[in-house]
**Q** 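For reference, the structure I am asking about is given below.
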There are 2 protein chains.
Amino acid sequence: MNLPIGELARRTGVKVPTIRFYEQIGLIAAPPRTEGNQRRYGKAEVDRLNFIRHARELGFEVDHIRELLAMSQEPQASCHQADSIAKAHLREVDRRIERLQALRVELSRMIDECGHGRICDCRIIEVLADHGQCSGEHVS
Amino acid sequence: MNLPIGELARRTGVKVPTIRFYEQIGLIAAPPRTEGNQRRYGKAEVDRLNFIRHARELGFEVDHIRELLAMSQEPQASCHQADSIAKAHLREVDRRIERLQALRVELSRMIDECGHGRICDCRIIEVLADHGQCSGEHVS
DNA sequence: TCTTGATCCTATAGTGGCTAGAGATTCTAG
DNA sequence: CTAGAATCTCTAGCCACTATAGGATCAAGA
């Protein structure tokens, strides 16, 4: 072990500046340094960073990850809190999916209706402007 | 007309500080002022801000909105560019929906498998940590 | 031992799209 | 004339990074 930061980055898929950033915001602890002031990491940091990366990929916010990490260090505690964080996040994801799907519908209708002619006949601009004239004037 | 900024905000649903911010980044022009230095807007700004708000709601980035606004001012030009901006955005939306749905699946499987017991048996923590032991040690 | 080049260090600023707050001024209705 | 709502500018903060500058250090080969 005793990995330099670049090797930790390679093993976890978290970029070097991001690792330093995580240290700065206290998501990971400051590791020991070499005589020349370079960070050296052990196996524990690989695990912790993988945990963080995975949680970020799932869209958890840093503050929630902080809580999940704290929980993971108390194996005997109830997992009720982890469950409720995950459920709240799932609801949030559902909301986002719904919004994006509604948006998708509107976008593709807009695009379908575009006659590929002049701007003044264009449904895309028209839908956005939300007023249907085409007689020389313009939006602004 | 000759609306103060608050009234413009009310009519467009864009908040007052946001309007000033849009002016600052050049998305809308600096309007005339009263003797007391307060902004006064006309109908054109109401339309333009509505256009912007609508495009933002559809998730277009400010830079794309800038282009769309420029186009809307050249009614005789081809709408090919507007079309391609919209299509690129649609693809982006599709990508996001896909990612969120994959994420949703993983999240809800995680939650379903949570036995609501102790942390050390919890699938949520375990999935994140991505290593399945439960014998006193912990993640970090 | 020396050199080279990859990696590492700190510190600061930038990203996008706003939002919040302080402290001063101006407008408007009574 | 006055009170209070609305406005003004300016600065800083949000999130989660990312980029850049200008150095220092490390490891391998000659």
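Throughout, protein chains are lettered first and strands after them, A, B, ... in sequence-line order, and every chain is numbered starting at 1.
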**Q** How many Å lie between CD1 on B/I25 and P on C/dG14, as a whole number?
**A** 16 Å

**Q** Report the residue (B/E35 or B/E61) whose heavy-atom-nearest nucleotide on DNA chain C is the more 5′ of the two.
**A**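 By nearest-heavy-atom nucleotide position, the 5'-most residue is B/E61.
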
**Q** Does B/R39 make a side-chain N or O approach to OP1 or OP2 of D/dC8 shorter than 4.0 Å?
**A**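 Looking at the OP1 and OP2 atoms of D/dC8, one of them is under 4.0 Å from a side-chain N or O of B/R39.
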
**Q** If I take atom NE2 in residue A/H64 and atom P in nucleotide D/dA16, what distance separates them, rounded to the nearest angstrom?
**A**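 Spelled out: NE2 on A/H64 to P on D/dA16 is 10 Å.
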
**Q** Could you pick out which residue, B/Q24 or A/N37, lies toward the 5' side of DNA chain D when each is mapped onto its nearest nucleotide?
**A** B/Q24

**Q** A/V62 side chain: which of D/dC26, C/dC9, D/dA16 is closest?
**A**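 Taking heavy atoms from C-beta onward, the closest nucleotide is D/dA16.
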
**Q** Starting the side chain at C-beta, find the nucleotide from C/dC8, D/dC17, D/dT9 nearest to A/P4.
**A**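 Among the listed nucleotides, the one closest to the side chain of A/P4 is C/dC8.
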
**Q** Any side-chain N or O of A/T18 under 4.0 Å from OP1/OP2 of D/dA16?
**A** no

**Q** Judged by atom type as modelled, is there a donor-acceptor pair below 3.5 Å linking the side chain of B/H64 to the main-chain atoms of B/A55?
**A**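 A pair under 3.5 Å: no.
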
**Q** Tell me the interatomic distance from A/I52, atom CD1, to D/dC17, atom C1', rounded to whole angstroms.
**A** 14 Å

**Q** In whole Å, what is the span from the CZ atom of A/F60 to the P atom of D/dC15?
**A**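 About 18 Å, once rounded to whole Å.
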
**Q** May I ask you to decide if A/R104's main-chain N or O and A/S108's side chain share a donor-acceptor pair within less than 3.5 Å?
**A** yes

**Q** Respond yes when some side-chain nitrogen or oxygen of B/R33 is under 4.0 Å from OP1 or OP2 of D/dT9, and no when none is.
**A**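 The answer is yes; a side-chain N or O of B/R33 sits under 4.0 Å from OP1 or OP2.
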
**Q** Do any N or O atoms from the side chain of B/R20 and from the backbone of B/Q24 form a donor-acceptor pair under 3.5 angstrom?
**A**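 Not a single qualifying donor-acceptor pair exists.
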
**Q** Are the side chain of B/H54 and the backbone N or O of B/L49 linked by a donor-acceptor pair below 3.5 Å?
**A**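 Absent.
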
**Q** Choose from D/dC8, C/dG17, D/dT18 the nucleotide whose nearest atom is closest to any side-chain atom of B/R56.
**A** C/dG17

**Q** Check whether any side-chain N or O of A/E45 sits under 3.5 Å from a backbone N or O of A/G42 as a donor-acceptor pair, and report yes or no.
**A** yes

**Q** If only atom types and distance count, is the side chain of B/T12 paired as donor or acceptor with the main-chain N or O of B/L8 below 3.5 Å?
**A** yes

**Q** Give the angle between the helix axes at the two ends of the helix from C/dT1-D/dA30 to C/dG30-D/dC1, taking five base pairs at each end and rounding to 10°.
**A** 10°

**Q** To the nearest Å, give me how far apart CD (B/E7) and P (D/dA5) are.
**A** 17 Å

**Q** What integer distance in Å separates A/F21:CZ from C/dT10:C1'?
**A** 16 Å

**Q** Would you say B/K15 reaches C/dT19's phosphate, i.e. side-chain N/O to OP1/OP2 under 4.0 Å?
**A**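 Yes, within the criterion.
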
**Q** What is the separation between atom CZ on A/R53 and atom C1' on D/dA16, rounded to the nearest whole Å?
**A**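 Value for this atom pair: 17 Å.
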
**Q** Hey, are B/R48 and B/Q73 close enough side-chain-wise for a donor-acceptor pair under 3.5 Å?
**A**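 On atom types as modelled, these side chains qualify, holding a pair under 3.5 Å.
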
**Q** Whole Å only: how far is the CD1 atom of A/I5 from the C1' atom of D/dT25?
**A**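 From A/I5 CD1 to D/dT25 C1': 14 Å.
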
**Q** Take A/L103 and A/E106 through the side chain to side chain contact (heavy atoms under 4.5 Å, CB included) test and state the conclusion after the steps.
**A** CA-CA 5 Å; A/L103 198 149; A/E106 197 170 354; 5.9 Å; no

**Q** Establish, with yes or no, whether the OP1 or OP2 oxygen of D/dA16 is under 4.0 angstrom from a side-chain nitrogen or oxygen of A/Y22.
**A**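 Checking D/dA16 against A/Y22, no side-chain N or O comes under 4.0 Å of OP1 or OP2.
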
**Q** Are OP1 or OP2 of D/dC26 and a side-chain N or O of A/T34 less than 4.0 angstrom apart?
**A** yes

